[in-house]
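Since the structure comes first, as structure tokens, the remarks are kept for the end.
Hydrogens, waters and symmetry mates are skipped; everything else that's a heavy atom, side chains included, is used. Both ligands and their constituent atoms are indexed starting at 1 by order of listing.
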Amino acid sequence: MHKLTDIRILLVDDDTFILKILTKMLNNQGIMSVDSSDNGLDALAKIDHAETCPDLILLDLNMPNMDGIEFVRHLVEREYPGSLVLVSGEDERMLKTAEKLVHAHQIPMLGYLHKPVSPDKLAEIIKKWTPPEKKLRQQSEKKIYNEQTLQSAISNRELVNFYQPKVAVATGKVIGVETLVRWHHPTDGLIMPDQFISIAEKHGLINDLTCLVLEQALAQARVWHENGIVLRVAINVSMDNLTSLNFQDLVVNLAVENGLSPQNIVLEVTESQLMGADTRVPLEILTRLRLKRFHLSIDDFGTGHSSMAQLRDIPFDELKIDQGFVHRAWADETLRAMYDASLSMAKQLGMEVVAEGVADEEDWKFLRQTGCDFAQGNFISKPLQAADFAQWMEEWNKRVQSGLIADLA
Ligand code: C2E
Ligand code: CA
Ligand code: CA
């Protein structure tokens, strides 16, 4: 059994005086295994070694070089199994926002402490700590695939596309779909993209993967088109796809082969974690595709992977507000402010806006009051197999007629 006094704590704060005080306070509470780092890099090195990896991190948000938010991103990449407490001199709102970010990354967060930290508050928060049994179990259920397996899955065409509808908020009209890839594994069932996209990116397989997804999606678009359903089909493109000029030829050729107009092909772009500083080639490819009238969409806007700098540099037609700022934005002032800011910025830049993660009727009603162009999310439809699309569309149109757009009509 884990006793509270056995817990291993790592303090991360650039202020060495605070490190000393907190260490003393913890020692006074009987917790002797307290380590400290005065910068993020040093702390990450400790987390990388099993012998020094802590059960709990007390993290200062404001540090020079690597700040607390960036540090949390590194924790997520490492799948850090322990818990976290944020410590800061910032006001309540800032701490709450940071807390939400941490929650969004699914790191167990015991809470936050204001500076100066009182021994009572510290003891109170440490008491909340429990061993991370549940999380460990979840992680071990998620199988890790290696690049050879993924490579042969791509060659054997085991990847299948699902399509999630996008609808116009004002009229309910179905305007397009986003292509979301899954892996139909011969023995493990349907594998979600978060279990293999990053492997593909890391091991140079993302071009083959995207090529297969694009090929199947555009062939499907042609079938819909032939059946009288004209949809804008969106594909997720990782910045790693945009390092060779072949990508542009691939997109153009597939559009021509399938008789599709570039306006009905949307490339949803996110920044890759692996991308180097040189953005000249990706920029060139995107600009040329835009000149040919393909639609460019900036995905996950508002998260770390999607930045203002991209908005400045790339001529996007569409902005997708990340689901983290959409779902329950009606109930939360901070989310609402971020949602509003993203929407109005996109409008000022003449872009169309898609709200992602519209998960329930409250979200939908909220969007209806805000002038957002398009909506996507489980409230409208989960990602579907192509074969189920026509039936869904019929049901959706019935839902629309029976009052979904009545509130403003
Ligand atoms: P994304 O581009 O942000 O796609 C939206 C994700 O949100 C999808 O997850 C979708 O199923 C999920 N989603 C949609 N509506 C809701 C909702 O109402 N509530 C919640 N909680 N979730 C909702 P999925 O399919 O697991 O895809 C995850 C990510 O994998 C995608 O995020 C995208 O970044 C990546 N991805 C998927 N397909 C591809 C691909 O072909 N190429 C690349 N490079 N990345 C892909
Ligand atoms: Ca996307
Ligand atoms: Ca997205």
| note | Ranking Asn241, Asn236, Val237, Ile235 by closest non-hydrogen atom to atom 33 (C) of ligand 1, top hit is Asn236
| SB check Lys166 Glu352 (cutoff 4.0 Å) | no
| task | Within a distance under 4.0 Å of any heavy atom of Gly377, pick out the atoms of ligand 1 and give their elements. | result | 15 (N), 18 (O)
| Sequence neighbours excluded, which residues qualify as ring pair (Phe, Tyr, Trp, His ring centres under 6.0 Å) partners of Tyr339? | Phe366
| Would Lys320 count as a contact of ligand 1 if the rule is a heavy atom under 4.0 Å away? | no
| field | Protein residue, atom and distance nearest to atom 15 (N) of ligand 1, heavy-atom basis | value | Gln164 NE2, 3.1 Å
| said: Salt bridge or not between Asp373 and Lys347? Use side-chain N to carboxylate O under 4.0 Å. | reply: yes
| Contact with ligand 1 for Ile197, non-hydrogen, under 4.0 angstrom | yes
| said: Looking only at distances, can you tell me whether any N or O atom of Gln323, backbone or side chain, sits closer than 3.5 Å to an N or O atom of ligand 1? | reply: yes
| Short list, please: which atoms of ligand 1 are under 4.0 Å from a heavy atom of Ala359? | 18 (O)
| query | Asp194: heavy atom below 4.0 Å from ligand 1, yes or no? | reply | no
| field | Residue, atom name and distance, where the atom is the protein heavy atom closest to atom 3 (O) of ligand 1 | value | Asp300 OD1, 3.2 Å
| field | Which segment of His327 sits under 4.0 Å of ligand 1 when only heavy atoms are counted | value | neither
| If you measure from each non-hydrogen atom of Glu178 to ligand 1, which part falls under 4.0 Å: side chain, backbone, both or neither? | side chain
| request: Heavy-atom contacts with Val358 under 4.0 Å: which atoms of ligand 1 show up? List them by number with element. | output: 18 (O)
| Does some non-hydrogen atom of Thr270 fall short of 4.0 Å from ligand 1? | no
| remark: Within 4.0 Å of some non-hydrogen atom of Val213, the atoms of ligand 1 are 41 (O)
| field | Region of Pro193 engaging ligand 1 - heavy atom pairs below 4.0 Å | value | side chain
| task | Would you please determine whether Gln376 falls within less than 4.0 Å of ligand 1 on a heavy-atom basis? | result | no
| said: Which of the numbered atoms in ligand 1 are under 4.0 angstrom from any heavy atom belonging to Glu356? | reply: 3 (O), 5 (C)
| Note: Lys115-Asp13 ion pair, threshold 4.0 Å (strictly below) | yes
| said: Under 3.5 Å between any N/O of Glu201 and any N/O of ligand 1: does that happen in this structure? | reply: no
| What do we get for Asp299 next to ligand 1 when only non-hydrogen atoms under 4.0 Å count, side chain, backbone, both or neither? | side chain
| According to the ring pair (Phe, Tyr, Trp, His ring centres under 6.0 Å) rule, which pairs have a member within residues 153-186, sequence neighbours left out? | Tyr145-Trp183, Tyr145-His185, Tyr163-Trp224, Trp183-His185, Trp183-Phe196
| request: Under 3.0 Å from the Ca ion (ligand 2), how many protein N/O/S atoms do you get? Just the number, please. | output: 4
| said: Once side-chain hydrogen bond (donor to acceptor under 3.5 Å, both in side chains) is applied, what residue pairs with a partner in residues 395-406 remain, sequence neighbours excluded? | reply: Gln391-Glu395
